[in-house]
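A short write-up of the structure that comes next.
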Amino acid sequence: MLMDDVKEVLISQEKITERCRELGEEISRDYEGSVPVIIGLLKGSVPFMAELMKNITIDCETEYMAVSSYSGTESMGDVKIVKDLDRSIVSRDVLVVEDIVDTGKTLEKVKELLYSKGAHTVKVVALLDKPSRRITDISAEYVGFTIPDEFVIGFGLDFNQKYRNLPFVGVLKEEIYED
Ligand code: 5GP
(Lines give C-alpha, C1' and ligand atoms only; values in the text may rest on other atoms or scores of the structure.)
Protein backbone atom coordinates (compact mmCIF):
# COMPACT_ATOMS: atom_id res chain seq x y z
CA MET A 1 0.00 0.00 0.00
CA LEU A 2 1.16 3.48 -0.93
CA MET A 3 0.25 4.82 2.52
CA ASP A 4 2.68 2.39 4.17
CA ASP A 5 5.56 4.42 2.71
CA VAL A 6 4.37 7.67 4.30
CA LYS A 7 5.95 8.76 7.58
CA GLU A 8 3.77 11.78 8.16
CA VAL A 9 0.96 13.79 6.55
CA LEU A 10 2.23 17.36 6.51
CA ILE A 11 -0.73 19.10 4.82
CA SER A 12 -4.12 17.41 4.58
CA GLN A 13 -6.35 17.35 1.53
CA GLU A 14 -8.90 19.52 3.37
CA LYS A 15 -6.29 22.19 4.13
CA ILE A 16 -5.14 22.21 0.50
CA THR A 17 -8.72 22.54 -0.78
CA GLU A 18 -9.42 25.42 1.59
CA ARG A 19 -6.17 27.21 0.72
CA CYS A 20 -6.87 26.83 -3.02
CA ARG A 21 -10.22 28.51 -2.48
CA GLU A 22 -8.49 31.47 -0.80
CA LEU A 23 -5.77 31.69 -3.45
CA GLY A 24 -8.37 31.51 -6.23
CA GLU A 25 -10.30 34.41 -4.73
CA GLU A 26 -7.15 36.48 -4.30
CA ILE A 27 -5.95 35.80 -7.86
CA SER A 28 -9.40 36.52 -9.32
CA ARG A 29 -9.43 39.88 -7.51
CA ASP A 30 -5.88 40.81 -8.54
CA TYR A 31 -6.37 39.92 -12.23
CA GLU A 32 -9.80 41.50 -12.61
CA GLY A 33 -9.89 43.26 -16.01
CA SER A 34 -7.08 41.14 -17.48
CA VAL A 35 -7.36 37.72 -19.13
CA PRO A 36 -4.29 36.01 -17.68
CA VAL A 37 -2.56 33.01 -19.24
CA ILE A 38 -2.20 30.50 -16.44
CA ILE A 39 0.71 28.17 -17.15
CA GLY A 40 1.01 24.92 -15.23
CA LEU A 41 4.48 23.40 -15.01
CA LEU A 42 4.22 19.68 -15.72
CA LYS A 43 4.07 17.30 -14.06
CA GLY A 44 4.12 18.39 -10.43
CA SER A 45 1.58 21.21 -10.67
CA VAL A 46 -1.27 19.12 -12.15
CA PRO A 47 -3.36 18.43 -8.99
CA PHE A 48 -2.72 21.95 -7.67
CA MET A 49 -3.57 23.54 -11.03
CA ALA A 50 -6.81 21.55 -11.17
CA GLU A 51 -7.85 22.55 -7.67
CA LEU A 52 -6.83 26.19 -8.11
CA MET A 53 -8.49 26.65 -11.52
CA LYS A 54 -11.89 25.71 -10.13
CA ASN A 55 -11.64 28.70 -7.81
CA ILE A 56 -10.62 31.29 -10.40
CA THR A 57 -13.75 33.18 -11.32
CA ILE A 58 -12.47 35.54 -14.04
CA ASP A 59 -11.77 34.81 -17.75
CA CYS A 60 -8.41 33.11 -18.16
CA GLU A 61 -6.57 30.75 -20.50
CA THR A 62 -4.67 27.68 -19.36
CA GLU A 63 -1.45 26.33 -20.86
CA TYR A 64 1.23 23.84 -19.85
CA MET A 65 4.99 23.69 -20.01
CA ALA A 66 7.44 21.05 -18.87
CA VAL A 67 10.90 21.73 -17.53
CA SER A 68 13.26 19.23 -15.97
CA SER A 69 15.18 20.04 -12.82
CA TYR A 70 15.25 17.18 -10.38
CA SER A 71 16.49 13.61 -10.32
CA GLY A 72 15.75 11.70 -7.13
CA THR A 73 15.95 14.04 -4.14
CA GLU A 74 18.80 16.25 -5.37
CA SER A 75 18.66 19.16 -7.79
CA MET A 76 20.71 18.71 -10.94
CA GLY A 77 21.17 22.45 -11.10
CA ASP A 78 20.52 22.77 -14.81
CA VAL A 79 16.99 23.48 -16.01
CA LYS A 80 15.88 22.26 -19.43
CA ILE A 81 12.71 23.07 -21.38
CA VAL A 82 11.16 19.70 -22.18
CA LYS A 83 7.81 20.95 -23.50
CA ASP A 84 7.56 24.53 -24.68
CA LEU A 85 4.39 26.63 -24.98
CA ASP A 86 2.50 26.25 -28.21
CA ARG A 87 0.75 29.64 -28.15
CA SER A 88 1.92 33.24 -28.10
CA ILE A 89 2.04 35.07 -24.77
CA VAL A 90 3.09 38.44 -26.23
CA SER A 91 1.78 41.31 -24.05
CA ARG A 92 -0.08 38.88 -21.79
CA ASP A 93 -0.23 38.71 -18.02
CA VAL A 94 1.17 35.30 -17.16
CA LEU A 95 0.68 33.38 -13.95
CA VAL A 96 2.95 30.36 -13.53
CA VAL A 97 1.61 27.52 -11.40
CA GLU A 98 4.33 25.52 -9.65
CA ASP A 99 4.24 22.73 -7.09
CA ILE A 100 7.13 23.96 -4.94
CA VAL A 101 9.77 26.68 -4.91
CA ASP A 102 12.99 25.23 -3.53
CA THR A 103 16.27 26.76 -4.72
CA GLY A 104 14.29 28.97 -7.11
CA LYS A 105 16.41 27.98 -10.11
CA THR A 106 13.51 26.50 -12.08
CA LEU A 107 11.38 29.61 -11.71
CA GLU A 108 14.26 31.96 -12.39
CA LYS A 109 14.79 30.23 -15.72
CA VAL A 110 11.09 29.93 -16.54
CA LYS A 111 10.40 33.61 -15.74
CA GLU A 112 13.34 34.67 -17.89
CA LEU A 113 12.04 32.54 -20.75
CA LEU A 114 8.47 33.87 -20.48
CA TYR A 115 9.66 37.48 -20.47
CA SER A 116 11.83 36.73 -23.51
CA LYS A 117 8.67 35.47 -25.23
CA GLY A 118 7.11 38.91 -24.71
CA ALA A 119 4.97 38.44 -21.60
CA HIS A 120 3.78 41.71 -20.06
CA THR A 121 3.95 40.42 -16.48
CA VAL A 122 5.00 37.07 -15.03
CA LYS A 123 3.90 36.11 -11.54
CA VAL A 124 4.06 32.82 -9.71
CA VAL A 125 1.66 30.84 -7.57
CA ALA A 126 3.26 27.92 -5.73
CA LEU A 127 1.53 25.34 -3.57
CA LEU A 128 4.61 25.08 -1.37
CA ASP A 129 7.56 27.29 -0.52
CA LYS A 130 10.83 26.18 1.09
CA PRO A 131 12.50 29.57 1.64
CA SER A 132 15.40 28.11 3.64
CA ARG A 133 16.75 26.45 0.47
CA ARG A 134 16.66 29.51 -1.80
CA ILE A 135 19.81 30.40 -3.74
CA THR A 136 18.16 32.91 -6.13
CA ASP A 137 16.20 36.16 -5.70
CA ILE A 138 13.01 34.47 -6.87
CA SER A 139 9.89 34.48 -4.73
CA ALA A 140 6.34 33.42 -5.53
CA GLU A 141 3.71 36.18 -5.36
CA TYR A 142 1.17 33.64 -4.09
CA VAL A 143 2.12 30.78 -1.77
CA GLY A 144 -0.10 28.01 -0.45
CA PHE A 145 2.04 26.85 2.44
CA THR A 146 5.54 27.61 3.69
CA ILE A 147 7.29 24.42 4.78
CA PRO A 148 10.59 23.56 6.48
CA ASP A 149 13.52 21.99 4.61
CA GLU A 150 12.11 18.52 4.24
CA PHE A 151 11.68 16.44 1.08
CA VAL A 152 7.93 16.15 0.52
CA ILE A 153 5.78 14.01 -1.77
CA GLY A 154 2.12 13.86 -2.77
CA PHE A 155 -0.42 16.20 -4.39
CA GLY A 156 1.71 16.21 -7.55
CA LEU A 157 5.12 15.94 -5.94
CA ASP A 158 7.09 12.80 -6.71
CA PHE A 159 9.96 10.65 -5.56
CA ASN A 160 11.34 8.94 -8.68
CA GLN A 161 8.02 9.60 -10.45
CA LYS A 162 5.94 7.92 -7.73
CA TYR A 163 3.57 9.28 -5.06
CA ARG A 164 2.17 12.12 -7.21
CA ASN A 165 -1.31 10.62 -6.78
CA LEU A 166 -1.38 10.95 -2.98
CA PRO A 167 -4.18 13.42 -2.13
CA PHE A 168 -2.10 15.18 0.57
CA VAL A 169 1.45 16.50 1.04
CA GLY A 170 3.53 14.18 3.17
CA VAL A 171 6.98 12.99 4.15
CA LEU A 172 8.32 9.59 3.12
CA LYS A 173 9.80 7.05 5.50
CA GLU A 174 13.61 7.14 5.46
CA GLU A 175 13.92 3.51 4.32
CA ILE A 176 12.29 4.42 0.99
CA TYR A 177 15.21 6.72 0.09
CA GLU A 178 17.72 4.13 1.23
CA ASP A 179 16.38 1.33 -1.02
P1 5GP B 1 14.02 24.56 -7.62
O2 5GP B 1 14.43 24.82 -9.03
O3 5GP B 1 13.24 25.66 -6.99
O4 5GP B 1 15.19 24.13 -6.78
O5 5GP B 1 13.16 23.26 -7.66
C6 5GP B 1 11.87 23.20 -8.06
C7 5GP B 1 11.49 21.78 -8.41
O8 5GP B 1 12.22 20.83 -7.63
C9 5GP B 1 10.06 21.56 -8.07
O10 5GP B 1 9.23 21.85 -9.17
C11 5GP B 1 10.02 20.08 -7.72
O12 5GP B 1 9.83 19.31 -8.88
C13 5GP B 1 11.40 19.79 -7.19
N14 5GP B 1 11.43 19.77 -5.71
C15 5GP B 1 11.95 20.67 -4.86
N16 5GP B 1 11.77 20.34 -3.59
C17 5GP B 1 11.07 19.18 -3.62
C18 5GP B 1 10.54 18.34 -2.58
O19 5GP B 1 10.63 18.55 -1.37
N20 5GP B 1 9.87 17.23 -3.02
C21 5GP B 1 9.71 16.92 -4.33
N22 5GP B 1 9.04 15.81 -4.61
N23 5GP B 1 10.20 17.70 -5.32
C24 5GP B 1 10.86 18.82 -4.96
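Remember, it's 1-based here, ligands and their atoms both numbered in the order they're listed.
- The aromatic rings of F151 and F159 lie perpendicular to each other, with more than 60° between the two planes, well past the 30° mark.
- Rounded to the nearest 0.5 angstrom, I27 CD1 and E32 CD are separated by 13.5 Å.
- Using modelled atom types and a 3.5 Å distance limit, the side chains of D129 and T146 yield no donor-acceptor pair.
- Residue T103 has at least one heavy-atom neighbour below 4.0 Å for each of these atoms of ligand 1: 1 (P), 2 (O), 3 (O), 4 (O).
- Annotation for ligand 1: atoms under 4.0 Å from non-hydrogen atoms of D158 are 21 (C), 22 (N).
- A heavy-atom separation below 4.0 Å is not found between R133 and ligand 1.
- Counting non-hydrogen atoms of other residues, nucleotides and ligands closer than 6.0 Å to NZ of K173 gives a total above 12.
- Polar contact with ligand 1: present for V152 (N/O pair, distance under 3.5 Å).
- Side-chain contact of S132 with D149: a donor-acceptor pair under 3.5 Å is absent, judged by distance alone.
- Under 4.0 angstrom from ligand 1, the non-hydrogen atoms of E150 all belong to its backbone.
- Using a 4.0 angstrom heavy-atom cutoff, F151 counts as in contact with ligand 1.
- The local environment of CG in D4 is crowded, with over 12 non-hydrogen atoms from other residues, nucleotides or ligands closer than 6.0 Å.
- Within the 4.0 Å heavy-atom criterion, the part of D99 lying near ligand 1 is the side chain and not the backbone.
- Considering D30, I58, V94, I56 in turn, I58 is the only one that fulfils the side-chain contact (heavy atoms from CB on, under 4.5 Å) rule with P36.
- Close approach of ligand 1 to T106 (heavy-atom distance below 4.0 Å) involves ligand atoms 1 (P), 2 (O), 5 (O), 6 (C).
- The distance criterion of under 3.5 Å between nitrogen or oxygen atoms is met by G104 with respect to ligand 1.
- In summary, the atoms of ligand 1 found under 4.0 Å from a heavy atom of L157, numbered by their order in the structure, are 21 (C), 22 (N), 23 (N).
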